[in-house]
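Worksheet: the structure to be examined is printed underneath.
Computation of the quantities below employed the complete heavy-atom set of this structure, encompassing side-chain atoms and omitting hydrogens, waters and symmetry-equivalent molecules. For reference, positions follow the sequence shown, starting with 1. Keep in mind the model is a prediction, meaning the values are calculated, not measured.
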Amino acid sequence: MNAFEIRGGKALHGTITPQGAKNEALQILCACLLTDQPVTLSNVPDIADVNMLIEVLEDMGVRIERPEPNTFILQADNVNPDYFMEAAFRKKSGKLRGAVMLAGPMLARFRKAYIPQPGGDKIGRRRLDTHIRGFEKLGVTFNYDADQYLFTLDGSGLRGGNILMEEPSVTGTANLVMAAVMAHGTTIIYNAACEPYVQQLCHMLNMMGARIQGIGSNFLTIDGVDALLGCIHRMRADMIEVGSFIGLAAMTQSDITIKNAGVKHLGLIPETFEKLGIQLLIEGDDIHIPAQEHYRIQKNIDGSILTIYDHPWPGFTPDLLSIVLVIATQAKGTLLIHQKMFETRLFFVDKLIDMGAQIVLCDPHRAVVIGHDRQMPLRGTDMVSPDIRAGVALLIAALSAQGKSVIQNIQQIDRGYERIDQRLNALGADIRRI
């Protein structure tokens, strides 16, 4: 079953709970390699990217138990470091970006690692320079095999060092932190990413016996230790799912409550959706989005057109710009979307234009959306999901559209969203796998 068939135009109603955070899970699973003791993880999302990484860990020799749904006990007491040289590893790891974060813990514990060409979404060039240059500052040397697209890292000289990151990369920061926690001496990382995913990783590592200071800031100080212990850790709610559900409610004029949304960890997400005119009622750790017939995009204080752009945390996450773009098509007003980080992430707007949206793609990074105020409802059509976030944005568009839509290549959506069709159908959506 490789496609969704959606009959749109239905208002949804009810309560939905976001899955565990995908990006956090990928980091946390890699961190389990840092100890030979059991690590218990709960609220792990049952999605393709996470399941693929768990497969890779099992192939490496990590023992994994599944005592209940979304809970795993991992014990890396018999890891085969040479598995990384096998073709099976390169085939699997090349399918997801998260495999790059195996390098940090492998360097820390076994003093050697391998990094294949990154997989994942085709949303633009994703360099490994931040990872490799950071490792070099920790005394790691590397060799690159251009034929195999494989970096071989030698961590025999792993030691603390001062790292000024050229960009606050989330995966780069996670990789360097995991390498540094068992390096000899003290490591300072400046311009580190401080997203909630990285904060969660650092808190977990400290529970395991690491010594990390500055959590939540872009300045981390890490004193290396000789060994780490096991721990129990629970994933936070996926803030990208929370934002997706807010957008879904607005587009479909639905009354939805998002339970256990992790409100205090959402940063600018609620405020950004409120700028689009969406009413949000915060009730403890829940978010209630009442049905709204209209929502109006705010203007800047000087009366100019509002711009929403991505920025490293605590700025607005790039993973929700696709959702914001779709929401704006049915708002009242005009919005400029500026996607700074990835050069092809806006290339799905042609599908929305086919559905009747008024969008001008200015260049690979910017698009102007002219809101219909629901005067020109989107119409159903056939389309293909290019990546995880665009795929869900198209799903939201289809759920609000008149008539039937078909979305192909839904493996992309399944990579990041757990049983999304079943969960939305429980609220009254009409989504069928075909």
Side-chain angles (χ1 to χ4, degrees), residues 26-36 60 76 79-85 89-90 93 97-118 126-146 148-194 198 201-202 204-206 208-215 217-229:
L26 296 175
Q27 297 180 21
I28 295 299
L29 284 166
C30 293
C32 294
L33 290 170
L34 286 164
T35 179
D36 61 1
M60 292 171 59
V79 175
N80 174 20
D82 295 328
Y83 168 71
F84 290 84
M85 295 302 295
F89 167 70
R90 291 196 291 275
S93 64
R97 177 67 175 179
V100 72
M101 290 182 291
L102 294 168
M106 291 300 295
L107 284 169
R109 188 161 162 216
F110 299 101
R111 296 309 199 247
K112 65 179 179 178
Y114 305 88
I115 302 180
Q117 185 68 25
R126 295 176 125 173
R127 299 180 305 142
L128 290 174
D129 295 48
T130 302
H131 302 254
I132 302 299
R133 298 308 178 196
F135 287 142
E136 283 188 310
K137 296 290 179 62
L138 298 179
V140 176
T141 59
F142 75 94
N143 179 66
Y144 179 62
D145 185 334
Q148 298 290 330
Y149 300 104
L150 187 70
F151 288 90
T152 300
L153 306 176
D154 179 358
S156 56
L158 185 68
R159 62 182 184 278
N162 293 333
I163 303 172
L164 174 58
M165 298 182 66
E166 63 180 42
E167 59 177 354
S169 161
V170 173
T171 55
T173 300
N175 233 348
L176 295 174
V177 166
M178 288 188 282
V181 290
M182 292 172 65
H184 299 301
T186 299
T187 297
I188 293 175
I189 305 177
Y190 189 46
N191 197 28
C194 49
V198 177
L201 172 67
C202 291
M204 174 183 161
L205 293 173
N206 278 352
M208 296 170 71
R211 299 172 63 188
I212 306 171
Q213 300 179 54
I215 299 173
S217 75
N218 69 349
F219 189 91
L220 298 176
T221 302
I222 305 165
D223 293 319
V225 298
D226 292 332
L228 295 180
L229 307 174

What distance do [X] atom [atom1] and [Y] atom [atom2] have between them, rounded to the nearest 0.5 Å?
| X | Y | atom1 | atom2 | answer |
| --- | --- | --- | --- | --- |
| Met178 | Thr173 | CE | OG1 | 10.5 Å |
| Arg211 | Asp223 | CZ | CG | 4.5 Å |
| Leu138 | Leu153 | CG | CG | 11.5 Å |

Flag side-chain contact, heavy atom, 4.5 Å: [X] against [Y]:
| X | Y | answer |
| --- | --- | --- |
| Phe142 | Leu128 | no |
| Glu167 | Asp129 | no |
| Phe135 | Asn175 | yes |
| Tyr190 | Asn218 | yes |
| Phe151 | His131 | no |
| Lys112 | Asp82 | yes |

When you measure from the side chain of [X] to the backbone of [Y], do you find a donor-acceptor pair of N or O atoms at a distance under 3.5 Å?
| X | Y | value |
| --- | --- | --- |
| Asp154 | Thr141 | no |
| Asn143 | Thr152 | no |
| Thr130 | Gly172 | no |

(request) Decide side-chain contact (heavy atoms from CB on, under 4.5 Å) for Leu176 and Met165; before the verdict, give the C-alpha distance in whole Å, the side-chain angles of both, and the deciding distance to 0.1 Å. (result) CA-CA 10 Å; Leu176 295 174; Met165 298 182 66; 4.3 Å; yes
(message) Which residues pass the side chain to side chain contact (heavy atoms under 4.5 Å, CB included) test with Asp145, not counting sequence neighbours?
(response) Asp147, Gln148
Any idea which heavy atoms bring [X] and [Y] closest together, and the distance?
| X | Y | value |
| --- | --- | --- |
| Ala179 | Ala108 | O-CB, 3.7 Å |
| Met106 | Met60 | SD-CE, 3.9 Å |
| Asn206 | Ile212 | OD1-N, 3.0 Å |
| Pro168 | Ala193 | O-CB, 3.3 Å |
| Val181 | Ala210 | CG1-CB, 3.9 Å |
| Ala180 | Thr187 | CB-OG1, 3.6 Å |

(request) Kindly determine whether Leu158 and Met182 satisfy side-chain contact (heavy atoms from CB on, under 4.5 Å), including the steps that lead there. (result) CA-CA 9 Å; Leu158 185 68; Met182 292 172 65; 5.8 Å; no
(request) Mind checking ring-ring contact (aromatic ring centres under 6.0 Å, His included) for Phe110 and listing every partner two or more places apart, or none if nothing turns up? (result) none
(message) Could you walk me through whether Ile222 and Leu205 satisfy the side-chain contact (heavy atoms from CB on, under 4.5 Å) test, starting with their C-alpha distance in whole Å, then the side-chain angles of each, then the deciding distance to 0.1 Å, before giving a yes or no?
(response) CA-CA 11 Å; Ile222 305 165; Leu205 293 173; over 6 Å; no
Donor-acceptor list for residues 28-36 side chains, cut-off 3.5 Å, not counting sequence neighbours:
| residue | atom | partner | partner atom | Å |
| --- | --- | --- | --- | --- |
| Thr35 | OG1 | Gln37 | N | 3.1 |
| Thr35 | OG1 | Leu228 | O | 2.8 |

